[in-house]
Structures are given as structure tokens and as C-alpha cells.
Amino acid sequence: MSSPTFRLYNTLTHETEPVEPIEEEHLQFYSCGPTVYMYAHIGNFRSFLTADLIRRTAEAIGWDVTNVSNITDVGHLTQDDLVDPGGEDKMQQALEREGERFANIYDLARHYTEAFLEDWRALNLREPEVRPRATEHVTDQLRAVVELVESDHAYATDQGVYFSVESADDYGHLSGNTEAQQLQASERDVVEDPDKRDPRDFALWKHDPDHLMHWHSPWGWGYPGWHIECSVMGMQYLGNRFDLHTGGEDLIFPHHECEIAQNQSLAGHRVINYWVHTRFLQVEGEKMSKSKGNFYTVRDLIQPSPEDDHVPASVRDQGGVDPLALRYALMQGQYRKPFNFTLDTLHTAARHVQRYRDAAERVEAALTADADGPDELGDRLGDIYDRTLEAMCDDLNTPAATAAALEGVKAIEQMDRMSGASARSARTWLDRTNALLGIIESTFEADEQTDTASETDPTSDSLADSIEELLADREAARRDGEYARADAIRDTLEALGIEVMDRPEGPEWRRKVELR
RNA sequence: GGUGACGUGGCCGAGUGGUCAGGCAGAGGCCUGCAAAGCCUCCUACGGCGGUUCGAAUCCGCCCGUCACCUCCA
């Protein structure tokens, strides 16, 4: 069967286009990563999720993927075009805020980098092939700046080195910000470098020997501009021509506009063919902001601290939500449309993820039993997978894809008894769907991860034992017709967050998936 | 002011000319000692006004509204 055509909306052309890799069946792309000065929030991860889904979709249609995703661990000025020796950057501000926690700026960066990677793994995002850090590529950045100065794409002043926007004819194409006046529209009561030739020019190097992080350069001690790191690291690992670049919509201007100008000036031609931008999300109908109290970092939701009262009590009281439920919730909106993240969506997502897990368990049990009988699922699940993949290939239509995939879960749920043949089809379907969407832990790859049971099941063995004991009591009570006592035991279990289901073959229990 | 996205039922969100999205919530039913879980059934909308068309949520025009960017930001 031939794969559907993978199409993505390209900000550069304002059109949804078939993705045609330069190297046949090998997608090479760069994803703008985080600046590590605080814990990443769910909006950050919506953007990283887009990159993850591009990878998974490309792999599902049989392509190889090389993805580079950076860590920005250099502080950059909050006002990017200004070279203000007394100015503060985001990381410096963070250090002042949290000075007692960290010995120095590098410690702070290390801490937030590690936290970021933890969140990344918790949300089941696939690891990029290369994850370069800006601080490890400063020399490379300097080399590029020298090259740009030598080719008259950049010039030095007393305060730094600037890219000359005039020298890049394509500048403004991506964002539509073509007029110089537009860039002066907002007045800022800060001091600009009087030697800047054009207000649009942006900094490649900032002279500042007192900056917390500084490096030696031909122009003295200082640190690199924000935009140059992505150009340099992208081209270093993916070459002078590669396929695609992802990031949040806010990066369209100035970051990606500047990156294109730098790339094309360094390479002498277009470097990247497709630009994919993820829309900001809203939370409960409003822009996510600390002042509105709807600002959630990933760890606010998956492992909230008990006393953090800005986290909704429903999430806090149960010790955080399933990270995979958060991932699933973020997939309920297409990356390019406005998406309203709500606790309601999160709640629904948690239940759906649980249904996948239950279905996977049933399939495993049926595989073990290996009952005789025809394959009653193969054709139906094959069709469902095709529709799921088609949706993903259609500009990552995750709401449609998850809707299609849920039909597969239903198909499994609806089987009264499952033959070994059906179970094998179901297992194949679950594996493929899971590879494409990353919905649950890989149940069937348990070999490599020893002890997944204790990892994935937060219930300790001793608690499990006492639950079994209570259930046995309750069964005895039910047998004797003492329903009041049986119900009381069920209430006790409920209070422990345990849900009891009386099935024909006996009682079953599981941790309750509840969010309000 | 410039640029770009978008407006679908109580809620979230698919759907680009004619047939059903799907989920959540709600209602009824099956099952159950009662529940829970699951299953079945029901609820049926396209911001407004014009236009094109046999037929418009879908195409065109205008209006209203929302969001984002215009040198901190995913």
C-alpha cells in the first residue's frame, strides 16, 4: 500500500504543501529549543510536540529522520537590538531571583536543562539525533560572525557587531515585516547604539566584558547574539541545505527572519525549504499568564508541589496528572489553530489514555490465552490505522487522528472474547498507533525496560496487598448478602483512589482516573 | 497603523458544495444486590448581512468579534 502524502503548512509560502525532502525519504529538520532559565510551560511543549509528531509521521511513512534541537543556555538581552552593558538578560534575572539555589549561572542553566529533559521524556517525546548547546558552539558562532563581516553582511561598532539587513534582499519575506518603519513603530525609552546603520539591523555579537557569561572575540570580551546560534548549529549538523525548521509562532519575527538572513548570507542560497510554526495555546479561554493564575509549567501539572496554590486543587490533590494525559490533551488541538487548553480537556484525555492502557492489557491477556478463532479485528483496525495516518499526514491533524484511533480502542473494547489471531492484529495496531501518536508507554517493548511494573504503577506492593485484602473481605460480605458492609468497604477503597469493578469473573480494581 | 491566523451545538474540536465527524457533559436503556466500568440509543450546530448556486458550515464580498507577531517569549 502506498503511503499518503505528507503535507504541512509552510509559513514561507502561506500554503499547505507536500513535504519533499532534499534527500529522498530522509527528513532533516531543526527545532528551536528552550532557553533554560525556568521550567518549561505547557505552551513550550506544544511546540516541541509538533516537532515530535513531524518525526513520528515521517517515520510512519517510512522515512529516515534527522532532527537537531538546541538548548539555549546563553542569556540574551531582553531587548535584543540593544547593546546595553548594564542591561540584564533572562538568565541573569533568573539567577538574581534564585541566587540562593544556584552557585552560578552555569549551575542554573544545568538545573533547568535537566528539568527540561525530564519533562521531555515524561511527555514521551522522541529524542532528537543531536541536541547541541549554544555555550558549546560559541567558537563556531564567532567564526560565522567573522565570515559575515568579511563578506560585508555585517559590521562592527564600539558596542558590538550587527547584521546589515540591507545586505539580505529576502529580509521580511517570512514575516511580512518588510518596511523599516514598522520596526521603529514602537518607541522604547532605552538607549540605542547610535552607530547602528539601520534600525532593522540586529546584533550578532555584543561587547560586554562584565556579562555573567562572556567569551573572547576579535572585538573583545562579550557574548553572541540570539539569532546566530540557531543558524550556526543548524548548518553545522544538517548542512547548507536542509528541509525544515520548527518553532513557536512568536519566533517568526524576529528570530527566524534573522536566521534566514544569516543562513542565506553564509551559504549564498536558500538553506531551509519549509518553516513550521506552532500557534500559542490559551488556557481556560485566556492568554496564559502568571497574573491570571493560568500559567502552567509541565511540572505544575505532572508533579505539583503540595503547597503551590496556583495549581488547580483537583490536580494538586491527586499528586499531578499522568504526563501522557497531558500529551494527549495537547494533541486535541491542531498545532496551527488556536487551542484552548482546559482542565476539562485534560480530564477527558486522562480517561482516554487509561482506555488505551486497559485495551493493551486485554490484548496481552488474549495473546497469552491464544484462543482459537478467526481474526475479527485485522481488517477493521488496518482501516482505522490508515485513517489515523492520513489525518497526521494532513498537516498533523491530531484531533482527527486521535478521533480515528479511539475507534480502534472501541473495537477492542467491544470484543466479548478475543481469539489469538484477533489479539495479534490488535497488538500490531496498538504498536503502530502508539509509534505514530505516542499515546501510552510501549507495553510490548517491556523487555528492554526491566521493572516497568513498579515504574508505571505508582501503587506500592504493600498498598496492593491491602487492597486485595479489602476486596476479599468485600467479596465475603457480598456472598453473605451483607451489602451494607460490602458498600462500606467499597467507600473505603474509593477514598484511597481505588475504583472497583465487579466483573463476571470476579472483582477488578484500578487507580481511579479523576480530575475534579 | 502593518502582517498573519481564526470564528462550528452546553463545552472541546473534525469537516472546503449535496451523505455520519468524534469526544466531554446531559437524558433514556442494557448489565449489576446497588454501583462502577463498558455497551446501545437520543440531543444536531456552523458569528452577522448580502451574493454565486438546483443546493453553502464549505465559494465570493462586506461587517462584527477573537488570537498572535511588529526586536523578552513556544
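Sequence lines set the chain letters: A, B, ... in the order given, protein chains first and strands last, and positions in each chain run from 1.
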Kindly point out which of [options] is positioned nearest to the side chain of [X]?
X      : options             : answer
A:P254 : B:U71, B:C69, B:C12 : B:U71
A:R336 : B:A14, B:C6, B:G23  : B:C6
A:D394 : B:G13, B:G15, B:C73 : B:G15
A:R279 : B:C73, B:G13, B:A5  : B:A5

In whole angstrom, give the distance that lies between atom [atom1] of [X] and atom [atom2] of [N].
X      : N     : atom1 : atom2 : value
A:F253 : B:C72 : CZ    : C1'   : 14 Å
A:H277 : B:C69 : NE2   : P     : 13 Å
A:Y335 : B:A68 : OH    : C1'   : 15 Å
A:K337 : B:A14 : NZ    : C1'   : 8 Å
A:H347 : B:G23 : NE2   : C1'   : 12 Å
A:L174 : B:A68 : CG    : P     : 19 Å
A:Q332 : B:C24 : CD    : P     : 11 Å
A:R46  : B:G13 : CZ    : P     : 9 Å

Between atom OG of A:S231 and atom NE2 of A:H255, what is the distance when rounded to the nearest 0.5 Å?
7.5 Å
What integer number of Å spans the [atom1] atoms of [N] and [M]?
N     : M     : atom1 : result
B:C54 : B:C49 : C1'   : 23 Å
B:C24 : B:C42 : P     : 16 Å
B:G15 : B:C6  : C1'   : 15 Å
B:U44 : B:A57 : C1'   : 13 Å
B:C46 : B:U8  : P     : 11 Å
B:C43 : B:C20 : P     : 12 Å
B:A45 : B:A56 : C1'   : 15 Å
B:C62 : B:G26 : P     : 44 Å

Can you check side chain to side chain contact (heavy atoms under 4.5 Å, CB included) on A:H173 and A:I260, steps first, answer last?
CA-CA 10 Å; A:H173 181 94; A:I260 289 172; over 6 Å; no
Give one of base, sugar-phosphate or nothing for [X], where a contact means two heavy atoms less than 4.0 Å apart.
X      : value
A:H352 : sugar-phosphate
A:Q334 : sugar-phosphate
A:T345 : sugar-phosphate
A:I252 : nothing
A:G43  : base
A:F45  : nothing
A:L281 : base

Within the structure, does a side-chain N or O atom of [X] lie under 4.0 Å from either OP1 or OP2 of [N]?
X      : N     : value
A:K287 : B:A68 : yes
A:Y9   : B:A5  : yes
A:N397 : B:G15 : yes

[X]: side-chain hydrogen bond (donor to acceptor under 3.5 Å, both in side chains) partners, not counting sequence neighbours:
X      : result
A:T388 : none
A:E166 : none
A:D395 : A:Q334, A:Y335, A:R336
A:Y112 : A:E98

Decide yes or no on side-chain hydrogen bond (donor to acceptor under 3.5 Å, both in side chains) for A:T72 and A:N70, but give the supporting numbers first.
CA-CA 6 Å; A:T72 298; A:N70 66 296; 2.9 Å; yes
Do the two ring centres, one from [X] and one from [Y], sit under 6.0 Å apart?
X      : Y      : value
A:H310 : A:F295 : no
A:Y30  : A:H245 : yes
A:F116 : A:F48  : yes

Is there a side-chain hydrogen bond (donor to acceptor under 3.5 Å, both in side chains) between A:E17 and A:N10? Walk through the geometry before answering.
CA-CA 7 Å; A:E17 312 180 316; A:N10 187 353; 3.1 Å; yes
Assess whether a salt bridge exists between A:R478 and A:D502, defined as any Lys/Arg side-chain N lying under 4.0 Å from an Asp/Glu carboxylate O.
yes
Using a 3.5 Å limit for the pairing distances, which stems of at least 3 consecutive Watson-Crick or G-U wobble pairs does RNA chain B take part in?
B:1-7 with B:64-70, B:10-12 with B:22-24, B:26-30 with B:38-42, B:47-51 with B:59-63
Per-nucleotide protein contact string for nucleotides 30-43 of chain B, where B marks a base within reach and S marks sugar-phosphate only (heavy atoms under 4.0 Å, - for neither)
---BBBBSSSS---
Toward the 5' end of RNA chain B, by each residue's nearest nucleotide, A:T278 or A:E249:
A:E249
